[in-house]
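Note that ligands are numbered from 1 as they come in the structure, with each ligand's atoms numbered from 1 the same way. Not measured: the values here are computed from a predicted model.
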Amino acid sequence: MGKKLSKKQESSETVHSQRIDEIMKTDNNEVQKEIKILVLGTGDSGKSTFLKQLQILYKGGFCEQDRFLYRTTIRVNLMYNMKTLIQIVEDLKITIQKRTQKIVKRFDRSKKYCEENLTEKMKNAIINLWNDPGFKQAYERRNRFELSDSANYYFDSCERIFKEEYQPNDKDILFCRIPTTGVNEIELEVNNKFWKVVDVGGQRSERRKWIHQFESATIVVYFKNWRLTSNNKLKKKKKNHYCIQ
Ligand SMILES: Nc1nc2c(ncn2[C@@H]2O[C@H](COP(=O)(O)OP(=O)(O)OP(=O)(O)O)[C@@H](O)[C@H]2O)c(=O)[nH]1
Ligand SMILES: [Mg+2]
């Protein structure tokens, strides 16, 4: 009797154990299925650009609402970039044409640009200034200043960007710089696996938030800004101005 009961007990324990094994296997598979990639790096190193590329490659690109939001930023950035380039021309005392000097004097150097500054006059001013070889020379020397590497792309596209019906294409969006505050996430399903890619802000004030993201990270990817290599350190001199140490 006792022997029979023990056999029953044994088989029930085996079933129980098998069940636990199955649950653990399923749980393990679930955990393995979601891979969290934490993207770290200093500001302007290309973290958010990487997420945009993933959006294009795996999520069907950008919706109309996204494009509309980028449109305003691209236009406003374009004006700020020209304002910075004028500052570079002046600071470096680069020779520019007489006709261009007049445009510089009349250039609207607003503290805060918005869509209202997008006038025909502004568009012509940017195109004319950019056509001056002195401005191209200033752009080549931008590494001493806070001017985006993609500024030339937007200056070249000024006519198109100022058009009323302008809708940014994927390249326009990839080049658009918006410093991240907080956390951006994108979830993807690739090769039967779920990937969560987490992008954080790399500006100094944002870095204290990184610690909260490490816990469940499977992979950490660190992006490096080529401008900030040890031989090419940028030291802030005054607002918007950097110099190489
Ligand atoms: N030419 C070129 N430009 C790039 C490349 N990757 C990124 N950029 C540009 O460099 C800038 C990087 O900006 P973000 O991707 O917003 O940088 P980030 O690391 O997210 O910066 P924070 O959000 O401030 O931490 C953008 O203007 C991009 O267009 C690249 O491979 N080639
Ligand atoms: Mg970013």
Side-chain angles (χ1 to χ4, degrees), residues 36-59 61-62 66-85 88 113 126 130 136 138-158 160-161 166-188 195-214 217 219-230 232-236 239-242 244:
K36 177 177 165 181
I37 303 182
L38 176 59
V39 184
L40 301 180
T42 50
D44 206 17
S45 56
K47 302 182 294 298
S48 301
T49 308
F50 173 58
L51 263 80
K52 286 182 205 167
Q53 285 165 331
L54 295 177
Q55 177 75 28
I56 294 170
L57 290 170
Y58 298 107
K59 304 277 281 186
F62 303 97
D66 287 341
R67 287 186 199 274
F68 182 77
L69 292 174
Y70 277 113
R71 185 173 89 142
T72 308
T73 311
I74 288 168
R75 288 169 153 181
V76 168
N77 280 358
L78 176 59
M79 294 184 273
Y80 276 115
N81 284 341
M82 185 46 82
K83 185 177 152 182
T84 307
L85 196 56
I88 298 176
Y113 289 117
I126 293 175
W130 184 235
K136 298 273 188 348
Y139 178 77
E140 291 308 316
R141 294 167 72 182
R142 70 189 177 282
N143 61 344
R144 292 181 56 196
F145 298 84
E146 199 180 43
L147 181 65
S148 158
D149 285 342
S150 46
N152 65 339
Y153 171 77
Y154 293 120
F155 292 146
D156 286 338
S157 316
C158 185
R160 180 173 60 88
I161 291 171
Y166 169 62
Q167 237 211 352
N169 59 36
D170 288 350
K171 195 170 175 187
D172 296 346
I173 293 175
L174 278 174
F175 276 140
C176 179
R177 164 97 179 111
I178 306 174
T180 305
T181 50
V183 178
N184 277 335
E185 283 184 10
I186 186 168
E187 287 181 352
L188 316 161
W195 304 76
K196 187 198 257 187
V197 186
V198 179
D199 164 37
V200 290
Q203 307 288 319
R204 204 170 285 271
S205 58
E206 290 293 314
R207 290 180 210 160
R208 64 193 150 81
K209 298 176 192 165
W210 292 6
I211 191 79
H212 306 294
Q213 295 302 328
F214 276 103
I219 301 168
V220 176
V221 181
Y222 193 87
F223 278 57
K224 193 164 187 281
N225 188 341
W226 69 269
R227 286 214 225 190
L228 299 174
T229 57
S230 55
N232 194 19
K233 270 187 190 152
L234 295 173
K235 185 183 167 196
K236 198 153 193 168
K239 202 169 184 285
N240 287 335
H241 287 212
Y242 289 80
I244 298 171

With sequence neighbours excluded, residues passing ring pair (Phe, Tyr, Trp, His ring centres under 6.0 Å) with Trp195: none
For the Mg ion (ligand 2), check which protein N, O or S atoms are under 2.8 Å away and list them. Ser48 OG, Thr180 OG1
Answer with yes or no whether Leu174 contacts ligand 1, where contact means a heavy atom under 4.0 Å from a ligand atom. yes
Do we get Arg142 above Tyr139's six-membered ring, with its NZ or CZ under 6.0 Å from the centre and within 45° of the axis? yes
Option from Val197, Leu57, Ile37 for which side chain to side chain contact (heavy atoms under 4.5 Å, CB included) with Leu188 holds: Val197
Between the side chains of Asp172 and Arg71, is the shortest nitrogen-to-carboxylate-oxygen separation below 4.0 Å, so that they form an ion pair? no
With heavy atoms under 4.0 Å as the rule, classify the contact between Thr42 and ligand 1 as side chain, backbone, both or neither. backbone
Protein non-hydrogen atoms only, distance under 4.0 Å: does atom 28 (C) of ligand 1 have such a neighbour? yes
Once you restrict to heavy atoms under 4.0 Å, what part of Ser48 touches ligand 1? Side chain, backbone, both or neither. both
Would you check if there is a donor-acceptor pair between the side chains of Asp156 and Trp130 at a distance under 3.5 Å? yes
Restricting to non-hydrogen atoms, name the atom on Trp210 and the atom on Gly41 that form the minimum distance, rounded to 0.1 Å. CZ2-O, 3.4 Å
If we count only non-hydrogen protein atoms and require a distance under 4.0 Å, does atom 31 (O) of ligand 1 qualify as touching the protein? no
Could you check whether atom 5 (C) of ligand 1 has a protein contact, counting only heavy atoms that fall below 4.0 angstrom? no
Report yes or no: does Ser45 have a heavy atom closer than 4.0 Å to ligand 1? yes
Grab the two heavy atoms, one from Gln213 and one from Leu38, that are nearest each other, plus how far apart they are. CB-CD1, 3.6 Å
Hey, is Phe175 one of the residues with a heavy atom under 4.0 angstrom from ligand 1? yes
Measure across Cys176 and Asn77 and return the closest heavy-atom pair with its distance rounded to 0.1 Å. SG-ND2, 4.2 Å
Asp199 N/O under 3.5 Å from ligand 1 N/O: no
